Enquirer: 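Could you have a look at this structure, given as structure tokens, before my questions?
Because the structure is a prediction, the values reported are computed rather than measured.
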Protein chains: 2
Amino acid sequence: MKNNQVDHNLPEPTKAELEILQVLWEFGPSTVRFVNEKLNENREVNYTSTLKQMQILTEKGILKRDESQMKHIYIPVEAEEKTKVQLLDRFVNTLYKGSASQLMMQLLGNEKTSKEEIEEIKRLLEGME
Amino acid sequence: MKNNQVDHNLPEPTKAELEILQVLWEFGPSTVRFVNEKLNENREVNYTSTLKQMQILTEKGILKRDESQMKHIYIPVEAEEKTKVQLLDRFVNTLYKGSASQLMMQLLGNEKTSKEEIEEIKRLLEGME
DNA sequence: TGCATCGTACGAAAAATATCGTACCTTAGA
DNA sequence: TCTAAGGTACGATATTTTTCGTACGATGCA
């Protein structure tokens with residue numbers, strides 16, 4: 001198998017798509033209006049732009065929706081965790097040739113990772129075995 | 001400060017650009033031809049496409065080049081580590097709201113992260129303090 | 001009933017990325 | 001000197017992603 005190939009279980013969400021997913025993850029199934037309002041807390045986006053994105057996400061099978069009401073309710077098809085694991089996996093493979101420990105090293109070396117975080121990580125590891 | 005904002009120190013390298021950076025990281029300063037050949041081990045790319053990308057990367061200030069010879073030699077401006085740290089930082093912020101330990105949890109929970117990797121990580125942590 | 005409000009659908013424009021064709025220069029060697 | 005090989009420059013096209021305008025259907029209510 002060639003090197004840089006990735007499994008395309010799900011089409012990789014684009015940046016704008018990820019923003020929307022994040023809103024849905026945080027607040028649960030939502031209407032377009034709600035999502036659009038959340039997005040607008042960070043930057044200006046037209047309502048129909050968000051609508052279109054969410055429709056595209058639905059076409060791609062990343063979201064599904066409940067159309068029983070006029071206000072459609074959008075829901076991520078995959079659980080937050082599962083999607084994040086995929087993205088993380090891709091990230092590790094791309095940047096660290098799959099080596100989680102290398103990624104760790106950078107995380108630990110990064111001064112933005114606080115002492116508390118590091119302690120927390122240690123506790124996690126000890127609790128594993 | 002608004003939530004989802006990110007520091008744009010360097011323009012974020014795009015996917016195709018990252019591919020090129022990775023070749024340069026792995027093999028050191030290189031000519032376009034060399035990079036192109038490496039890329040072609042994974043997928044077909046026309047020589048001039050790679051050339052153009054590398055010129056764009058240079059315009060963006062991500063690469064610099066030695067033009068003293070006819071065959072220009074391209075070099076990443078920032079060290080591999082620095083760039084990766086930035087990308088990682090962005091990644092953690094975007095997907096894990098900046099929580100490194102949350103990212104860790106997923107890394108550890110991922111069956112693709114091997115026992116050896118986990119042991120390695122533990123060793124790293126113990127060696128820290 | 002009439003109309004303002006709020007919803008979806010959808011094509012098309014805009015913007016960002018990626019790829020390529022062609023022009024043209026330089027060098028090496030027959 | 002001439003030509004083939006191999007280099008850069010760069011505009012144009014293709015593709016992907018993002019944004020938006022417009023059409024039009026539902027609903028609520030004066």
Side-chain angles (χ1 to χ4, degrees), chain A residues 4-6 8 10-24 29-75 83 87 90 94, chain B residues 4-6 8 10-24 29-75 83 87 90 94:
Chain A
N4 278 0
Q5 281 175 354
V6 181
H8 284 301
L10 270 190
E12 182 158 12
T14 66
K15 224 168 160 181
E17 289 174 350
L18 200 51
E19 275 187 313
I20 289 171
L21 272 177
Q22 285 173 313
V23 173
L24 293 176
S30 309
T31 61
V32 174
R33 180 148 307 278
F34 179 82
V35 171
N36 184 245
E37 271 160 15
K38 286 298 166 191
L39 295 186
N40 274 278
E41 290 175 8
N42 296 319
R43 63 190 182 90
E44 248 185 62
V45 210
N46 191 300
Y47 175 84
T48 57
S49 302
T50 304
L51 170 62
K52 181 65 167 217
Q53 286 291 354
M54 292 175 76
Q55 286 169 342
I56 291 171
L57 277 161
T58 305
E59 277 171 33
K60 287 197 192 174
I62 294 177
L63 298 184
K64 63 189 172 191
R65 66 181 173 189
D66 174 355
E67 307 183 354
S68 65
Q69 312 298 123
M70 179 168 66
K71 301 186 187 186
H72 296 176
I73 303 288
Y74 288 77
I75 308 164
T83 302
L87 293 174
R90 237 169 251 161
T94 304
Chain B
N4 280 1
Q5 282 177 353
V6 180
H8 284 301
L10 270 190
E12 183 159 10
T14 66
K15 225 166 159 181
E17 289 174 351
L18 200 52
E19 275 187 313
I20 289 171
L21 272 178
Q22 284 173 312
V23 173
L24 294 176
S30 310
T31 62
V32 173
R33 180 147 309 277
F34 179 83
V35 171
N36 185 245
E37 272 159 14
K38 287 298 166 191
L39 295 186
N40 274 277
E41 290 175 8
N42 295 319
R43 65 191 180 88
E44 246 184 64
V45 211
N46 191 298
Y47 174 85
T48 55
S49 302
T50 304
L51 171 62
K52 180 67 168 215
Q53 286 292 351
M54 292 175 75
Q55 286 170 341
I56 290 171
L57 276 160
T58 305
E59 276 172 34
K60 286 197 192 175
I62 294 177
L63 299 184
K64 63 190 169 189
R65 66 182 174 189
D66 174 355
E67 308 182 354
S68 65
Q69 312 298 124
M70 181 170 63
K71 302 186 187 187
H72 297 175
I73 304 287
Y74 289 77
I75 308 164
T83 302
L87 292 173
R90 236 169 250 163
T94 304

Enquirer: Provide the closest heavy-atom pair for B/L24 versus B/Y74 in the form atom of the first, atom of the second, distance.
Expert: CD2-O, 3.8 Å
Enquirer: Counting heavy atoms from C-beta on, name the nucleotide in D/dC20, D/dA9, C/dC6 closest to the side chain of B/R65.
Expert: D/dA9
Enquirer: Nearest 0.5 Å, please: how far is CG in A/L63 from CD1 in A/I73?
Expert: 12.5 Å
Enquirer: According to a strict under-4.0 Å criterion, is A/Y47 in side-chain N/O contact with OP1 or OP2 of D/dT19?
Expert: no
Enquirer: Below 3.5 Å, does any donor atom in the side chain of A/K52 face an acceptor in the base of C/dG11, or the other way round?
Expert: yes
Enquirer: Could you tell me the separation between the CG atom of B/N36 and the C1' atom of C/dC20, rounded to a whole number of Å?
Expert: 12 Å
Enquirer: Describe the nucleic acid contact of A/Q55 in one word from base, sugar-phosphate, nothing, applying a heavy-atom distance below 4.0 Å.
Expert: base
Enquirer: Show me, pair by pair, the donor-acceptor contacts under 3.5 angstrom made by side chains of residues 48-56 of chain A, not counting sequence neighbours?
Expert:
residue: A/T48; atom: OG1; partner: A/N46; partner atom: OD1; Å: 3.1
residue: A/T50; atom: OG1; partner: A/N36; partner atom: ND2; Å: 2.5

Enquirer: For A/T48, answer base if it contacts any base atom (sugar-phosphate contacts may also be present), sugar-phosphate if it contacts only those atoms, and nothing otherwise; contact means non-hydrogen atoms under 4.0 Å.
Expert: base
Enquirer: Rounded to the Å, how far apart are A/L51 CG and C/dC10 C1'?
Expert: 10 Å
Enquirer: With a 4.0 Å cut-off on heavy atoms, is A/Q53 in touch with a base, just the backbone sugar-phosphate, or nothing at all?
Expert: base
Enquirer: Can you tell me which nucleotide in D/dG21, D/dT17, D/dA9 comes closest to the side chain of A/T14?
Expert: D/dT17
Enquirer: Can you tell which of D/dA9, D/dT27, C/dT19 lies closest to the side chain of A/M70?
Expert: D/dT27
Enquirer: If you take all heavy atoms of B/K60 and B/T14, which pair is closest and at what distance?
Expert: NZ-CG2, 4.3 Å
Enquirer: Give me syn or anti for C/dA13, where syn covers glycosidic angles within 90 degrees of 0.
Expert: anti
Enquirer: To the nearest Å, give me how far apart CG (A/N46) and P (D/dT18) are.
Expert: 16 Å
Enquirer: Counting only Watson-Crick or G-U wobble pairs whose two distances fall under 3.5 Å, which nucleotide matches D/dA26?
Expert: none
Enquirer: Between C/dG7, D/dT19, D/dT8, which nucleotide gets closest to the side-chain atoms of A/S49?
Expert: D/dT19
